[in-house]
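Comments concern the structure below.
Indexing begins at 1, ligand by ligand and atom by atom, following the structure's order.
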Amino acid sequence: MIHIQIPATSANLGAGFDALGLALTYYNYVDMEESDRLEITSDDDQIIPTDETNLIYISAKDLFNVCGRELKGLRLHQTNNIPMARGLGSSSACIIAGLLGANTMLGDPLSLDELVNMAAQIEGHPDNTAPALLGGIVTAVFNGKKVEWVKQEVRTRLKFVAIIPDYELKTEAARAALPKEVAHKDAVFNLSRAALFSASLLTGKYENLRTAVQDRLHQPYRLELMPHAKEVFDIAYTHGAYAVYVSGAGPTVMAIVDEDNSFFTGKMEFSMEAAGIYGWKVRELEIDNQGAKIG
Ligand code: HSE
């Protein structure tokens with residue numbers, strides 16, 4: 001039985017739409033072995049597909065096909081901690097589990113670059129799949145077939161506080177809400193901020209992060225689909241967050257907070273409740289520099 005640990009991921013990081021993402025200390029676990037039929041179980045209450053539409057199975061089968069091998073079946077056991085359809089990379093975690101598990105079963109025929117490419121092809125963009133596999137903060141450009149990427153390990157005093165609503169927002173719907181074209185000045189607005197984000201995070205210039213997460217390509221549109229999220233942004237800034245952004249396609253709101261801001265989580269919970277915002281969960285996370293791992 002192969003045991004795989006896969007981290008949650010937060011994509012976009014404000015302005016870096018489809019290009020920036022980082023891995024977080026929040027994990028799904030998958031046990032996997034080849035079998036003559038498909039058998040899928042889980043030990044939590046998230047509803048998962050237990051047939052051939054299961055994304056871990058699809059990804060594993062794709063890798064077998066690429067290697068000229070047929071995958072008859074799999075015995076899979078999933079522990080799903082990462083909430084689904086919340087902008088924390090739950091589908092990327094499944095893709096990476098399937099690819100990494102299948103690659104291990106076949107004796108590692110695919111290189112790391114090939115796994116990064118294949119994962120992005122399945123997901124359609126690389127900004128969750130690449131950090132889920134590699135860890136750290138990943139800058140990735142996908143030309144539709146091949147990903148050019150850089151992983152950087154991050155040693156920071158920062159906490160990433162995921163403020164997770166009790167409602168879902170499917171990536172498909174969140175992408176459908178985006179405009180087909182944007183003004184040149186908005187493109188410039190974003191690319192300057194995306195570059196500022198990585199440079200500031202990696203050099204410790206955290207005071208830049210509030211400007212760096214501003215964005216005109218996706219967050220304004222997605223916030224309209226996220227009840228109470230704008231209030232949550234304001235509350236997080238009131239309690240001293242360096243930066244607040246929509247994690248991936250949403251609806252999770254991510255606050256970047258100094259480790260010395262020790263009461264941030266409790267203050268968020270208290271203030272959200274006082275504002276009549278119920279059912280959201282607040283989770284303090286850190287950057288995972290390791291990525292998915294076997295064993
Ligand atoms: N970059 C993607 C998006 C991440 O914003 O749609 C979500 O999968």
Cationic N near anionic O, under 4.0 Å, Glu168 to Arg86: yes
Just list the N/O pairs, ligand 1 to protein, that are under 3.5 Å apart, with the distance for each.
unit_1	atom_1	unit_2	atom_2	d
ligand 1	1 (N)	Asn12	OD1	3.0
ligand 1	1 (N)	Asp18	OD1	2.5
ligand 1	1 (N)	Asp127	OD1	3.4
ligand 1	1 (N)	Asp127	OD2	2.6
ligand 1	5 (O)	Asn12	ND2	2.8
ligand 1	5 (O)	Arg222	NH1	2.7
ligand 1	5 (O)	Arg222	NH2	3.4
ligand 1	6 (O)	Arg175	NH1	2.6
ligand 1	6 (O)	Arg222	NH2	2.9
ligand 1	8 (O)	Asn128	OD1	3.3

Of all residues at least two apart in sequence or in a different chain, which pass the side-chain hydrogen bond (donor to acceptor under 3.5 Å, both in side chains) check with Trp149? Asp113
Testing Tyr206, Phe197, Phe160 one by one against Tyr242 for a ring-ring contact (aromatic ring centres under 6.0 Å, His included), which residue passes? Tyr206
Quick one about Asn54 and Gln78 (side-chain donor to acceptor, distance below 3.5 Å, no hydrogens or angles considered), yes or no? yes
Roughly how far, to the nearest 0.5 Å, is the CG atom of Leu217 from the CG atom of Leu178? 8.5 Å
Between the side chains of Lys230 and Glu224, is the shortest nitrogen-to-carboxylate-oxygen separation below 4.0 Å, so that they form an ion pair? yes
